[in-house]
Amino acid sequence: MMVLVLSGFDPSGGAGMLQDVKILSALGIRAHGVISALTVQNEEKVFSVSFRDWEEMKREIEVLTPPRVIKVGLARPEVVKNLREMFPDSTIVWNVVLESSSGFRFQDLGEVREFTSYADYVVLNNEEAKRVGEHENFIVTGGHEKDDRIRVRYRELVIEISRVPGEFHGTGCAFSSAIAGFLALNYPVEEAIRAAMELLRKILERSSSVVETEKLLRDWHKYDVLNTLDEILPEFLEIGPLTVPEVGQNVSYALPWAQSEYEVGKFPGRIRLKEGKAVAVSCASFRDRSHTARMTITMMRFYPYMRCTVNVRYRKEYVERARKKGLKVYHYDRSKEPEEIREKEGQSMVWMIERAISELKSPPDLIYNEGWWGKEAMIRVFGRNPKEVLEKIKLMLKE
Ligand SMILES: Nc1ncnc2c1ncn2[C@@H]1O[C@H](COP(=O)(O)OP(=O)(O)OP(=O)(O)O)[C@@H](O)[C@H]1O
Ligand SMILES: Cc1ncc(COP(=O)(O)O)c(N)n1
């Protein structure tokens with residue numbers, strides 16, 4: 001699936017081509033990109049714009065696959081007519097940008113008026129629509145009205161959604177690219193508008209002053225973490241009778257950027273033994289806290305790629321086999337724990353990992369401790385991901 005994009009280059013990534021590509025990527029659509037203007041700007045202000053020459057752009061377009069859908073952003077208005085002549089049957093979405101949200105004048109009103117009829121859909125905000133003069137192919141956005149609703153008008157259709165508090169640079173570009181993307185996915189235009197509004201809202205809920213589509217894209221990892229945990233669970237359950245400790249077991253797997261336990265996937269309620277069989281109380285989730293999640297977060301402070309921790313019941317022979325097979329083993333002697341650490345719930349594990357790392361000067365494969373004052377003896381196994389940790393555990397189980 002592809003959409004041809006002709007738009008300006010906003011080096012700050014909030015609007016223009018960099019934003020168009022992110023939005024289309026969020027829909028799994030490849031953008032063929034031809035830059036139609038260069039700008040000097042940052043998130044706050046536009047300083048200058050220079051439009052590219054059509055002949056140059058034409059040469060780049062001619063060698064690409066003919067597009068079904070084209071999105072035009074900041075470009076000389078006659079570009080829309082030229083594209084119509086090149087691709088009479090393509091759907092052209094043109095996001096008119098008379099001025100930037102910071103007030104920089106981009107395009108001449110008269111020129112825009114002359115070329116709007118060459119596009120299938122012209123996206124602009126209501127201030128721009130008033131100045132250009134209504135046309136039946138206009139998709140008119142609310143612009144920067146102050147009420148708590150966002151409304152978009154297309155012919156007789158008016159769609160309203162709740163406004164995300166705040167002002168965001170790049171919404172016009174993002175919105176029009178989302179419409180182009182949904183049109184490429186064969187949505188009828190009314191549905192494309194509705195879906196684009198919904199997508200923008202989801203993105204703006206994660207954004208501060210710029211449309212931060214990258215935050216939506218990275219959230220794919222949440223699916224990957226939970227899917228990985230649910231997929232590998234049966235293998236942990238299979239060896240559970242040999243590995244699950246009295247207190248229960250958890251497999252914690254963190255998001256690449258995790259800094260809190262709620263950014264670590266785990267099995268709330270843990271994996272437990274019931275009549276000799278290992279069962280997980282619930283499927284993988286980011287909710288709840290867990291000891292192994294806390295250990296993963298601590299480990300990641302030193303080695304961010306070590307995203308997985310699993311606790312295993314202590315057996316002397318497990319530790320001996322691990323050593324014999326070359327795993328990096330650290331013995332944590334709880335009797336050496338300072339009083340103030342022992343008293344604070346959850347602090348001893350953090351202290352334990354910090355001690356191990358300061359001694360080994362590299363990530364331990366496992367840390368073990370004997371039982372202490374009602375605390376069960378335990379082995380914690382660390383790795384990049386659950387598969388790697390499972391392999392280390394299997395090494396401990398085998399002669
Ligand atoms: N605060 C918001 N909450 C939810 N959606 C928003 C918000 N701001 C913009 N949008 C979405 O983006 C679309 C376009 O926004 P807007 O009306 O600001 O266009 P614009 O003025 O051309 O944008 P730009 O800031 O790029 O000039 C809206 O129709 C809406 O779907
Ligand atoms: C390359 C380019 N295209 C469009 C806009 C308008 O975006 P905004 O109205 O949010 O400034 C921009 N600033 N830069």
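Throughout, numbering of the chain's residues begins at 1 and tracks the sequence. Read the numbers this way: they start at 1 and go in the same order the structure lists the ligands and their atoms.
Remark: ligand 1 atoms within the under-4.0 Å shell around heavy atoms of M197 are 31 (O). Heavy-atom contacts of G170 reach the following atoms of ligand 1: 26 (O) (cutoff under 4.0 Å). Interface of V152 with ligand 1, defined as ligand atoms under 4.0 Å from a residue heavy atom, comprises 29 (O). Of all atoms in ligand 1, numbered sequentially from 1 with element shown, those under 4.0 Å from a heavy atom of G142 are 17 (O). Close approach of ligand 1 to V164 (heavy-atom distance below 4.0 Å) involves ligand atoms 1 (N), 2 (C), 3 (N), 4 (C).
Checked against a 3.5 angstrom limit, the closest N/O atoms of R201 and ligand 1 fall outside it. Taking only nitrogen or oxygen atoms, main chain and side chain alike, L200 does not reach within less than 3.5 Å of ligand 1.
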Per-pair distances, ligand 2 N/O vs protein N/O, less than 3.5 Å:
unit_1   : atom_1 : unit_2 : atom_2 : d
ligand 2 : 9 (O)  : S101   : N      : 3.0
ligand 2 : 9 (O)  : S101   : OG     : 3.4
ligand 2 : 10 (O) : S101   : OG     : 3.1
ligand 2 : 10 (O) : H169   : ND1    : 2.8
ligand 2 : 10 (O) : G170   : N      : 2.7
ligand 2 : 11 (O) : S101   : N      : 3.2
ligand 2 : 11 (O) : S101   : OG     : 3.1
ligand 2 : 11 (O) : H169   : ND1    : 3.1
ligand 2 : 13 (N) : Q41    : OE1    : 3.0
ligand 2 : 14 (N) : Q41    : NE2    : 2.9

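Here the NZ-OG distance, from K45 to S12, works out to 13.5 Å after rounding to the nearest 0.5 Å.
Using modelled atom types, no side-chain atom of N95 and backbone atom of L124 make a donor-acceptor pair closer than 3.5 Å. A donor-acceptor pair under 3.5 Å links the side-chain atoms of K266 to the main chain of D288, judged by distance alone. Without hydrogens or angle criteria, E388 side chain to N385 main chain gives no donor-acceptor distance under 3.5 Å.
The backbone and the side chain of T171 each have at least one atom closer than 4.0 Å to an atom of ligand 1 (non-hydrogen atoms only). Of all the heavy atoms of L204, the ones lying under 4.0 Å from any atom of ligand 1 belong exclusively to the side chain.
The residues E99 and R105 are annotated as not salt-bridged, no charged nitrogen and carboxylate oxygen being separated by less than 4.0 angstrom. Ion pairing between K392 and D365 holds under the 4.0 Å rule for side-chain N and carboxylate O.
Distances from atom 20 (P) of ligand 1 to the heavy atoms of I159, N125, N95 show the closest one on N125.
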Practice task
Output, in order, the C-alpha distance, side-chain angles, deciding distance and verdict of side-chain hydrogen bond (donor to acceptor under 3.5 Å, both in side chains) for T296 and T309.
Solution key: CA-CA 6 Å; T296 302; T309 305; 2.7 Å; yes
Exercise for the section: Would you check, one step at a time, whether the test side chain to side chain contact (heavy atoms under 4.5 Å, CB included) holds for H135 with V122? Expected result: CA-CA 9 Å; H135 196 286; V122 178; over 6 Å; no
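Cation-pi geometry between R218 and W220 is not met: the NZ or CZ atom fails to fall both under 6.0 Å from the ring centre and inside 45° of the normal.
The aromatic rings of Y368 and Y314 sit parallel to each other, their planes meeting at less than 30°, with 60° as the upper class boundary.
Taking the side-chain contact (heavy atoms from CB on, under 4.5 Å) definition, one finds that L109 meets it with L98, R113, R131, V132, sequence neighbours left out.
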